[in-house]
Amino acid sequence: MRRTLAIAALLFAATVHAETPRDFLTRFEKEAGSTASAERGARFFTTKQGGEWSCSSCHTERPMQAGRHAKTDKPINPLAPAANAERFTDAAKVDKWFRRNCNDTLNRTCSAQEKADVMAWLLAQK
Amino acid sequence: MKKLIVLPLLLAVLVLPAHADNYSVPKNPAFEAECTSCHMAYPPQMLHADSWRALMNGLSKHFGSDASLDEKRRAAITDFLVANAGGRKTGTTRDAGSQPLLRITETARFEKKHREISAATFKRASIKSPANCTACHAQAATGNYSEHSVRIPK
């Protein structure tokens with residue numbers, strides 16, 4: 001019985017902390033109520049959406065590569081999960097950066113559909 | 001005897017200027033994790049406590065970018081910055097409208113230390129802006145701003 005509890009606790013801890021990039025795609029698609037489009041995500045990511053910067057201003061148009069902060073010039077590790085295993089593994093971080101960066105590039109929050117599309121495109125990068 | 005006193009003094013004079021621009025940046029995981037996502041860790045001593053408070057109260061528009069934090073983390077980092085803030089060394093701490101200065105580059109100390117550097121130099125592609133300390137002070141991230149290690153890139 002104790003062992004079952006221990007295993008259950010471990011499994012619970014694992015589900016709480018270790019998110020995978022695919023989990024975010026699933027979450028955003030569910031919130032949007034429709035499937036993602038990597039093609040739409042690519043367009044969204046690489047073109048300006050009302051703000052001074054696009055996502056690619058810092059993350060480049062090839063997110064398998066490292067980028068640079070458009071203002072401070074600080075190196076930014078690649079965004080695509082295939083190039084950087086740390087990306088999209090922590091919900092608090094993902095939510096924080098979508099909140100900040102959508103505000104900077106769109107002057108508003110991103111819709112679930114926009115986030116799903118970007119996730120689909122990033123996951124397609126190999 | 002006199003010589004014995006003069007020598008250490010002379011040595012001190014020679015050595016001190018090199019160390020006067022060294023900041024010991026206190027360790028703080030939250031400060032490092034949050035602030036260095038976008039830029040190097042500026043030593044807390046470079047701004048007055050009033051400036052840090054004002055800056056940390058305006059993170060959703062942080063020099064044009066959204067750098068907002070959850071309240072718990074924001075408060076913790078503010079406490080750290082205020083506790084380690086600079087005193088008199090930062091010079092005037094208010095702007096003409098008597099608001100706290102928000103930019104280290106606006107402080108009298110920064111201006112005095114960089115008066116030989118032209119605006120054009122700061123704009124070079126290799127430097128980009130006066131906020132990019134590491135462009136010329138390679139060891140800035142560890143608090144070393146010594147004049148002896150300055151290399152201004154072309």
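Below, chain A is the first sequence line, B the second, and so on; all start at residue 1.
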**Message:** With a 4.5 Å cut-off on side-chain heavy-atom distances among I, L, V, M, F, W and Y, is there a chain of contacts connecting A:Phe98 to A:Leu25?
**Reply:** yes
**Shared hydrophobic cluster, B:Met56 / B:Val25 (ILVMFWY, side-chain heavy atoms < 4.5 Å)** = yes
**Prompt:** In the single-linkage hydrophobic clustering (I, L, V, M, F, W, Y; side-chain heavy atoms under 4.5 Å), do A:Leu122 and A:Ile76 co-cluster?
**Reply:** no
**Request:** Just jot down the side-chain contact (heavy atoms from CB on, under 4.5 Å) partners of B:Ile117, sequence neighbours excluded, or say none.
**Result:** B:His114, B:Thr121, B:Phe122, B:Ile152
**Message:** Please determine whether residues A:Met119 and A:Met64 belong to a single hydrophobic cluster, defined as Ile, Leu, Val, Met, Phe, Trp and Tyr linked transitively by side-chain heavy-atom distances below 4.5 Å.
**Reply:** no
Quick one: donor-acceptor pairs under 3.5 angstrom, chain B versus chain A?
from, atom 1, to, atom 2, distance (Å)
B:Glu34, OE1, A:Lys96, NZ, 2.6
B:Glu34, OE2, A:Lys96, NZ, 3.3
B:Thr36, O, A:Lys74, NZ, 3.1
B:Cys38, O, A:Thr72, OG1, 2.5
B:Phe63, O, A:Lys71, NZ, 2.4
B:Asp66, N, A:Asp104, OD1, 2.8
B:Asp66, N, A:Asp104, OD2, 3.3
B:Asp66, OD2, A:Asn103, ND2, 2.7
B:Ala67, O, A:Arg100, NH2, 3.1
B:Ser68, O, A:Arg99, NH2, 2.7
B:Ser68, O, A:Arg100, NE, 3.0
B:Ser68, O, A:Arg100, NH2, 3.1
B:Ser68, OG, A:Arg99, NE, 3.0
B:Ser68, OG, A:Arg99, NH2, 3.1
B:Lys128, NZ, A:Ala70, O, 3.4
B:Lys128, NZ, A:Asp73, OD1, 3.4

**Asked** Linking I/L/V/M/F/W/Y whenever their side-chain heavy atoms sit closer than 4.5 Å, directly or via other members, would B:Tyr23 and B:Leu55 fall into one cluster?
**Response** yes
